[in-house]
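Reading through the structure tokens given below for one structure.
What you are looking at is a predicted structure, and each value in this text was computed from that prediction instead of being measured. Every number for a ligand or one of its atoms is a count from 1 in the order of the listing.
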Amino acid sequence: MFEKVLIANRGEIALRVIRACREMGIRSVAVHSTADSDAMHVRMADEALCIGPPSATESYLSVPAIISACEITGAEAVHPGYGFLSENAQFVQVVEDHGLTFIGPSAEHIRMMGDKITAKETMRALGVPCVPGSEGGVEDIHTAREIAGDIGYPVIVKATAGGGGRGMKLARSAADIDAAFSTARAEAKAAFGNADVYIEKYLANPRHIEIQVFGDGKGGAVHLGERDCSLQRRHQKVLEEAPGPSIDEATRQRIGRICADAVARIGYSGAGTIEFLYEDGEFFFIEMNTRLQVEHPVTEAIFGVDLVREQLRVASGMAMSFGQDELELNGHAIEVRINAEKLPNFAPCPGMVKTFHAPGGLGVRMDSALYGGYVIPPFYDSLIAKLIVHGRDRPEALARLRRALGELIVDGVETTVPLFHALLAEPDIQRGDYSIHWLEDWLERNLQPGAPQ
Ligand code: MV4
């Protein structure tokens, strides 16, 4: 096992990794920008190093700064958390060229899944069900019209270098395809330096269901069921739960096995998430994320595992500490993402947190780097806390979430907490009856300026 690990991240996820390291007897190194000198991850790590100015480009995204920090501190491995350099294949290569270990999948697997056309071709070949669409990329408008006509409208044009909602254009009918195709290509070229696009059947009202997988890097892999992450606003997840309210045990085993087999066959190493759209009882692969995700704690809660501990084990060449047979799904977990944002427009609201009181008690987990007197800097994303609750069943988890939200105190900045109180009062949410468009529709009816209430 590693003796010392550097965490190339900040906020709650940096704490999450530091905690796993400490429990495993691994020394932790925090890195930080000048804006984060007083941040909790700096205080909680065994050592900390300033690596640059506030701008993420010059600090948390600076490959030379992070490699230098490893050399100065003698860290043998880097945990990237999520975001920042976590899915940067070039970074992985540089880390390895310096004789260091990247805690995550290989550069090859990150590159493969980062290119959405290659990801989809790979998954299709491995027997993973995909959204009907073009086979590979679509190069010219004539082919685009032909393929769209064959698939049947509506279709969606997606950038191969996109993902997470970036670089998509909807064509509702044949009248839209020329504009959708050329705009998608132009925007993809401008945003990613790669104009390649592919075409899919547009699914009108699916859920976003993602399967947690974990590979041992030696041809073995397990799945840890699904998360329903349909509640999103502008492609940002707001609330996630596991198990999915619409997924039964037989369905979970069937799709879970398909996903675990797929990542086993490519020799995948570490944590991964296979994203699907789920409509009328059918799964359609869209993307694979090659990182630990923000919402991983709901999976940890229902399976009673520590995914970061497993990442550290597998990256250091050890075996995973459990096999598929030892994984038993227990109860129900829900996570809400608490952002420093002012409703109704979700405007970022940085500034000083005067008072912070975290909820506690049975089945409550709060992952946050906040403390009273902390000043939330304006330079990074607005997630300030994840509240995760676990109950024996979904109604118990919902009741616990309501109770825990009531105990939480964050004074000094506006937060998205009032949104969650309102959501918990909605019969659709109580029933688990929502799809990917539910939240934006609800916000339009309930929260936008001038809406009834
Ligand atoms: C789609 C889709 C409908 N049909 N693909 C958006 C994010 C990216 N991961 C994929 N996305 C979508 N792909 C087809 N063929 C609808 C979306 C989509 C969406 C997906 C998941 C969660 C929220 C969403 C909100 C709008 C659109």
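- With sequence neighbours left out, Y380 forms a ring pair (Phe, Tyr, Trp, His ring centres under 6.0 Å) with Y60.
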*So E249 and Q253, side chain to side chain donor-acceptor pair (under 3.5 Å) or not? Walk me through it.*
CA-CA 6 Å; E249 183 59 25; Q253 290 309 329; 2.6 Å; yes

N/O contact list for ligand 1, threshold under 3.5 Å:
| from | atom 1 | to | atom 2 | distance (Å) |
| --- | --- | --- | --- | --- |
| ligand 1 | 4 (N) | L203 | N | 2.9 |
| ligand 1 | 5 (N) | K158 | NZ | 2.9 |
| ligand 1 | 9 (N) | E287 | OE2 | 3.0 |
| ligand 1 | 13 (N) | K158 | NZ | 3.1 |
| ligand 1 | 15 (N) | E200 | OE1 | 2.9 |
| ligand 1 | 15 (N) | K201 | O | 2.7 |

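- Listed by chain and residue number, Y371 satisfy the ring pair (Phe, Tyr, Trp, His ring centres under 6.0 Å) test with Y374 (two or more places apart in sequence, or in another chain).
- A search for ring pair (Phe, Tyr, Trp, His ring centres under 6.0 Å) contacts involving F283 returns F276, Y278, not counting sequence neighbours.
- By the 6.0 Å and 45° rule, R207 stacks over the aromatic ring of Y434.
- Using cut-offs of 30° and 60° on the angle between ring planes, the pair H109 and Y268 is tilted.
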